[in-house]
Structures are given as structure tokens and as C-alpha cells.
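None of these values were measured; they are calculated from a predicted model. We name chains A, B, ... by the order of the sequence lines, and we start the count at 1 in each one.
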Amino acid sequence: MPETRTSEIGGETANIVESSTAAEPNQPQRYSPAEIEPKWQAVWDADKTLYAADAHDSGKPKYYCLEMLPYPSGALHIGHVRNYAIGDALARHMWMRGYNVLHPMGWDAFGLPAENAALKNGVPPREWTLSNIAAMRKQMQRMGYGYDWSTEVTTCLPDYYRWNQWFFLKMFEKGLAYRKKSKVNWCPECCTVLANEQVIGGRCWRHEDTVVELRDLTQWFLRITKYADELLDGLEKLEGWPEKVRTMQRNWIGRSEGAHVDFAVADGDAKITVFTTRVDTIFGATSVQLAPEHAVSKAFALEDDALRVQIEELLEQQKVARESDALGAIEKHGVFTGRFAVNPFNGERVPIWVANYILADYGTGAIMSVPAHDERDFEFAQKYGLPLRRVIAPNVDTTDLALPYTGEDEAVLIDSGEWTGENCLEAQEKMAAFAKVNGFGTPTVTYRLKDWGVSRQRYWGTPIPMVYCDKCSPEEPLPVAESELPILLPEQVDITQTNGSPLGRIPEFVNAKCPKCGGVARRETDTMDTFVDSSWYFYRYADAKNSAAPFDSDKANYWFPIDQYIGGVEHAILHLIYSRFWTKVMRDLGLVKNDEPAARLFTQGMVIKDGAKMSKSKGNVVSPDDMILRYGADATRMYALFAAPPDRDLEWQEEGVAGISRFLSKVYRLTTKFSGVARAKGSMTAPKDQALLRRLHQTIAKVTHDFDGRWHFNTSISSIMILVNEITANEAAMDAGEISPGAVAEVFRSLILLLAPFAPFFAAEMWEELGGEGVVFRTQWPAVNEELARDEEVEIPVQVNGKLVTVVKVPAGSDEAAVKAAALADEKVKARIEGKTVVKVIVVPGKLVNLVVK
RNA sequence: GCCCGGAUGGUGAAAUCGGCAGACACAGCGGACUUAAAAUUCGCAGAGAGCAAUCUCGUGGGGGUUCAAGUCCCCCUCCGGGCACCA
């Protein structure tokens, strides 16, 4: 993923005193991640098939576990560590449950930071990026993440981006990619255009201090709006996605049902089409309001110099407000144009105004103003003395009669000609239909979502595969032939100048042959938004080496949809709406069968430190390398899962990592101490076995359950700690041989299997120590023995009038009468109810007894 | 303004279906081991009162439903996030 305002971590490595967990000669049985982890890493790295998926006909159910790919900034930050620890635990667990797992990783490798680094250090973007990738891949391997590196995807390499170009050509062919001149967001810091989705609060997504400007430019757009309804409706079916993300996307798409109504301009040929969601209030319209940039405003301005000046002023106010993200708070100003428009419903002439709060790029850029029934229109009318006309009244008893009255569910039309008495909601439909029949309007739907602007005036991105030929096609850009792909990004490029696209300064790149007439043509010099790269990368994992197509459809249809997608909520709109769009386009091209890319989405919380998001400027950045050095990768990733449920923000406390390290040391000591007994196995008959085995099977049940959807690994790990505490409590008994070797073997083997998804290096080492066969995280996940897990006795709290009095022990599964009898027989209970009448006894078997007394 | 989350000890948190609030950890305190420290290990630990047994209060605030509410309903406060003169 492109980094969203995340500062890079890198370079400085703290001077750390020799780790306290390092091996000491006198105590060879001590846990030493510094020895164990590199040892197993070497073993795993050498085995290319270790994390590879099986063939499609393996007979196993498939499971596609995916974490969002990182931007190769040069170093993993702690947020990555958490994200990948969640995905890796899940992938390993699914392997152990017998699934055919696809668990890939790649690099979102195009983007501006590479160019900035080039400017700063003089290293070419490609070189900088590739060396960062190498460093981060190494870090990931050091963390012990189980990725199938044979499917690695690097988006800045031609074997990937040529398919961006291929998709672009397909979209151009289908009319989904087009060029238009429009107002676009320009970041002066990035020196490039940004998509609407990349403008956050009026500022650049990369530069939170930089106000985005608006410029009129001709740019390439992808027609995401064609899928607006499907993107919206599809959200209903995405039950495996967080409600928050679905809501954010709903808001972003911003569907609004209403009507277009044409108001003819009096004394002229022009007409003004307004968009309204309340056509039922049209008899109350007392003016028409235009955006300053509306064509009719401009036409009037041409005829009237004084008016032109005023309109320009309104436009300037709007621009200033927009750029400072204060559009919502703009002080309303308007000017009467001196002209009138005719309301087609009642033939009334209403004044035409131009106002600064009317936006040219939403709806039609024109509204009808109904001050009696709209807050904004009311405010504007009050300010300029425009008349109010009530045309809606509630049809229920209410005191809510003040104007503006905006109700519509329980309200009817009044003083509205033939529509008088109609219910508002019904009238909206009928009046829009009436307008259509009579040729002065139509029901319509408006969206907040706009088409995706993908042109970037930058070097380090996918070249757009289009050319311009002045001779044979002066108006229309021409697509290059598919056989010409990839259009390679040139290597030696001067990116130091900031005006215009860097590729435009390379004649060898710009000069192209016209695909139509064969003459000299100009190549498009803008590159694609990096969000194009991340919109479909996960399909490439299914068939990463394919040189004839982006991927083979059969392979994609086997793996898709992604079973579980895991990443940060900061991509809730950007990446996650683009990739849903891309999937629908690919489906319509016949490449895939799925409608949505991911069946389930999990958004993990942020990692914070000292109460704030980590950033270099705050000086609260935690380096994963430091953590590995001090506590090892296993303790670091296990802490990331233990400290908070994965969907919540996590406050990083180094003491906590130390605590996990202590826990692992304890397990290490116990396992090495009893591995001899465990290896011997043998009978399982000692009387003291039962309590230990009961705890074991309760733990297996708990951890297994946590993996089935809830993922509260903090509670999984805590239950494993409880098991280890139970083992410690039985240590003396085990020393004395009072626990049978068979039970010891089962407890330790299962314990290590339960830890395998969370601490893979540690588990591998301990598995070997126990004489376990094969690879630990391909070993069958331990099964719960319900019989062994069942408690013999349960403690039942006894309440009198809802207050806890005592706890009585009864055999598990006791019936109501037995529990009641036990409660009433208790001395404390007797004392408490003495001399009182027991009115009612509530017995919840296995849970509690409550005596209601008077 | 609308929408989505959240608020529980000194701290991170648990309580998954309305049934013992604070599991498991971190930090802290005390004991053992040690010449000493670290490490390890055993124990204490929501707040208040009491020598103690024990009692009272306690899940942001106020009301309600219920034998029983952190959990359900209504109202409110604060924090995080999204959308916003979007007609």
C-alpha cells in the first residue's frame, strides 16, 4: 500500500547492550531467540515449497489469506509487524487445520517517495526501490512470516505493470477510460494531480500541511461511476466486512434520489435544469440559484459587466473556502441576476440568483430555492429578504410547525394545485413522473462519487499506453497496439525539474509511431496513479509468472474471492473501493466470476506509543529491529497479538514484550526439562493426570474457537498462559512421577502446537526438542476431547436478592433440584434467610442460584 | 448536523447467549534464593471502613426493564473516525 502519512523508519539502530536472554555457558537450557530464530530461518529459507500452496486438485479446501502489500519504504514499521502477525497466525492455523492456503506477499513499489529519495540522495528510483524491497523482504523473513515468495509481485517491474497498461487499453475500448478537461486536485508539493479519494480534508493524503489547489487540466479518468449502484448495493452483501468500512463507502458513494426539473429562462431560449430531492416542495420555490460557474451564470455575465464582477467575487469566495476545507462553513452570498425563470409546475416567474454556496460539480450546479422547507434556502432567503411560501404541512398532531419545516414522512402538500393533499413521499414520485411525461424533467439519481482521475504528472509510475497523432487523429488519443506492450518506463530520467511530466523531457520516449497512420506521434507522458497497481495485485498472486495474460482465469476462479483480507482502516475508501471497482470490470471482461474481491475484511487497529500515533517528529517510533534484538521475533509478534484485540488500537509497551519473552522462557524451561518424559510417551493412567488434561482440552477448545472468526488472540494467548500456569502448579507432581508419561507427552505436544501460529521459531525448536515428526505448523491442529475437557465439579454462586452470598460446589451436570438443595443446605445461606420467606428460587443450571426472600 | 466505533483497577485488558465484574499480563509491593544485584521463584494487590470476621461502594452520567444489567431499552456527556450548505 502507498504509505498514508506514515513516516519511514530507518537508518538509526540503537546501541543495545547484549540481550539478557542470550545464552550463558553455565545454563545451556536457557531460551535464546538470538540462536533459535536464525537457525530455523535458514532451514525455512532453503525450502522453497514450505509455504507454497498445493495443486488445485489436492482435495483440500482452499483458503486465500491476504495481508495488504506494503509500500517499500525501506524498513518495516511496527504497524506492519502487527498486520502480518495477524495474517501469519491465521495462515499457519489454517495450514494446521488441513486447508490449502495461499499466503503471498508483494510490493506496492511505484510512487512518489522513490522520486523524493532520488532527489535527495541521487539514487535512481528503481535502484532505491529494489534495494528497499530486498531489505524489507529480509526483515519479513527474520520475523518468521510464512509467505510463498515464489508468487512475489513487484508492481514497478514491467512484467507486472504491462498488465496495468493492458487493462487500461481494455477499459479504453469499453469506454471506461476516457480523457476530459476538468477541475482537478493539484498538490503543489507532489507536483501532480490527485484523485478525490486522495484529498483528505482539503489536504494532500501525503502532505497533511499542504492545501490542495484546483486546476483545470485534461486528464485520464476511469469510469467508476458506471458501477456506483453496484458498488453501493454490493455493500449489503459484504457481511464479512466491518460495518464501519461499509458505512464509509456508502457515504463516499453518496447516492441521492431526486429529480431534474427544467426551468425556462424568461425572455430567452436558455433553460436551467435543477436537481432536487424534494420536487414535492416545488410550489414553494421562490427563486432559482446557480453556481457561479454554471453556463447560464457565465452567459449572463457576458451581457452585464457589473454582474460579471460580482459573480467572479462569488467564485473567488468559493475557491478560497474550498481550498481551506471550509466549504461547509462558507458565509452565504448571492447576487440577483435581474432575470427570471419559469416554474414549469405552476408557470410562475421566479428570480434567478447566483450564489457562492452552489457547487458546479454536484447535481446540475443549479437548485430551486424553497425557503419554507430547506434550512439553507431559509437562511439565504432571510438574509436577502426573499419570500417564504409554505407548501408542506405535517398530517399528524405536532408542535413542529415553525419554518423551515423539513419533514416528509408524515406530511402532505398544501397550496400545490392538483397535488394538494398528497403525501410528500408519494408526490415526489408522481411529480417527477409528471415532469417526464410533460417533457420538462425526469426522475434521476445523483452521486457524490466521481470518476477516478488516474493521470499523474510524475515519473515513477506505469506509463499510460496512449499516443497522440496530430495528423490522423488530432481530436482523439489513440491506443497503442496490445502487441507493443509493455510501454517501458525509461531508466535514465531527470526528475529534478518540477514543471510538467518528467517523461515529457525524454525525446526517445515521447516520439512514437502512430498506430493508425504510421507517422510521427507523441506518447502520453503522464503515468498512472499507484492505486491502479494495488487494485488488482492480489489476482496476480494466483498466477504470478504468467507472461501471456494478467493471470489465468481458472487459477483466479479457484482462489477467489479472497477468504480473508487484512489491513489498515486507512484504506477503507481509497484502495478498497478501487479494487472492488476493478474486480467488477474484470468480471465484465470475462476474466473472473466473483463480484467482489474479498469475502471477509479485517481492519486492524493502529499501533500507538505514549498515547500518540508513532512518528519521527514525535520521537516515539518503535523499531522492530530493536525488538528482535532485545526479545526476538517470536516475542515481538506474540506481544502484538496479546496486548489488545487485533481490531483495537494497541499501545506499545516494551515491558509487555519482555513479559512475553519471560513466558516463552518459562515454556522453554519446562519443555526441555520434561522432553525426555514426553518422548518416552507410554501410559496415561495416573490419578493426577485428569486435572492437567482437563485444562489442556479446555485450552484447545478456547484457542480453536478464537480462530473461528473472532480472532481475539489476546484471549487465546492468555488461555495458553493459564495452561502453562497449571503445568507449573503440577511441576512437583511431574518431578515425582505422579503424572503419567503419556499425559506429559500429550500436554507438551499440544501446548507447542497451540503456540505454533503465534511463535513459529519457538514452536519449531520445541517440536524438535519433543521429538515431533515433520514440520510443526503442518502438523494436525490438536482436537478437543470434550469428555476430558468437562469439569467434574462446578462452583455455583448463590445470591440472595441478587447479592452474592456464597459459592457452592456441585457435581457437573447436576439438575435444578440438586443445585437448589445444595444452595439451601449451605450454612451462610441458611443464616441469611433465617426468619424470612423464600418467595422464589431461580436456578440457572451450571450458572447460578438466586433466592428471592422477603 | 448525519452516520459508525468507543469509555471497565495505577496500565493493557477479560467477562463470546442477561447470571461470581476485573481472567491473563504489565507496572507496583512483600517473602525466598544471593555477600549483593540481576535472573528465578512464592505471595499480595478495585476503592473505602474495620484488629478481624465482615460491611459499603464500584464498569463515563441519569432514568428504566428484570429475580439478576458492563451486557437490553430511553436520555445525556466525553473521546476516536467518516460524510457534510451535496440541493
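For A:N251, there are no side chain to side chain donor-acceptor pair (under 3.5 Å) partners at least two apart in sequence or on another chain. Scored by the ring pair (Phe, Tyr, Trp, His ring centres under 6.0 Å) test, A:H373 finds no partners at all (sequence neighbours excluded). Partners of A:E316 according to the salt bridge (charged side-chain N to carboxylate O under 4.0 Å, His left out) rule, which considers only residues two or more places apart in sequence or in another chain, do not exist here. A:R376 is linked by a salt bridge (charged side-chain N to carboxylate O under 4.0 Å, His left out) to A:D374, counting only residues two or more places apart in sequence or in another chain. Scanning for ring pair (Phe, Tyr, Trp, His ring centres under 6.0 Å) contacts around A:F642 gives an empty result, with sequence neighbours left out. Residues satisfying the ring pair (Phe, Tyr, Trp, His ring centres under 6.0 Å) criterion with A:F602, sequence neighbours excluded, are A:W711. Under the salt bridge (charged side-chain N to carboxylate O under 4.0 Å, His left out) criterion, A:K383 pairs with A:E331, not counting sequence neighbours.
Sorted by first and then second residue, the side-chain hydrogen bond (donor to acceptor under 3.5 Å, both in side chains) pairs involving residues 637-649 of chain A (not counting sequence neighbours) are A:D88-A:R637.
Against RNA chain B, the stretch residues 357-366 of chain A makes heavy-atom approaches under 4.0 Å through A:Y357, A:I358, A:L359, A:Y362.
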Can you check nucleotides 37-46 of chain B for protein contacts, nitrogen or oxygen pairs under 3.5 Å, and list what you find?
residue, atom, partner, partner atom, Å
B:rA39, O2', A:R30, NH2, 3.1

Seminar exercise, completed: Note, RNA chain B 5' to 3' with Watson-Crick or G-U pairs under 3.5 Å encoded as ( ), [ ], | and . gives (((((((..(((......[....))).(((((.......))))).((((....))))..(((((..]....))))))))))))....
For residues 796-804 of chain A, dump all side-chain donor-acceptor pairs below 3.5 Å to protein atoms at least two apart in sequence or in another chain.
residue, atom, partner, partner atom, Å
A:N801, OD1, A:V853, N, 2.9
A:N801, ND2, A:V853, O, 3.4

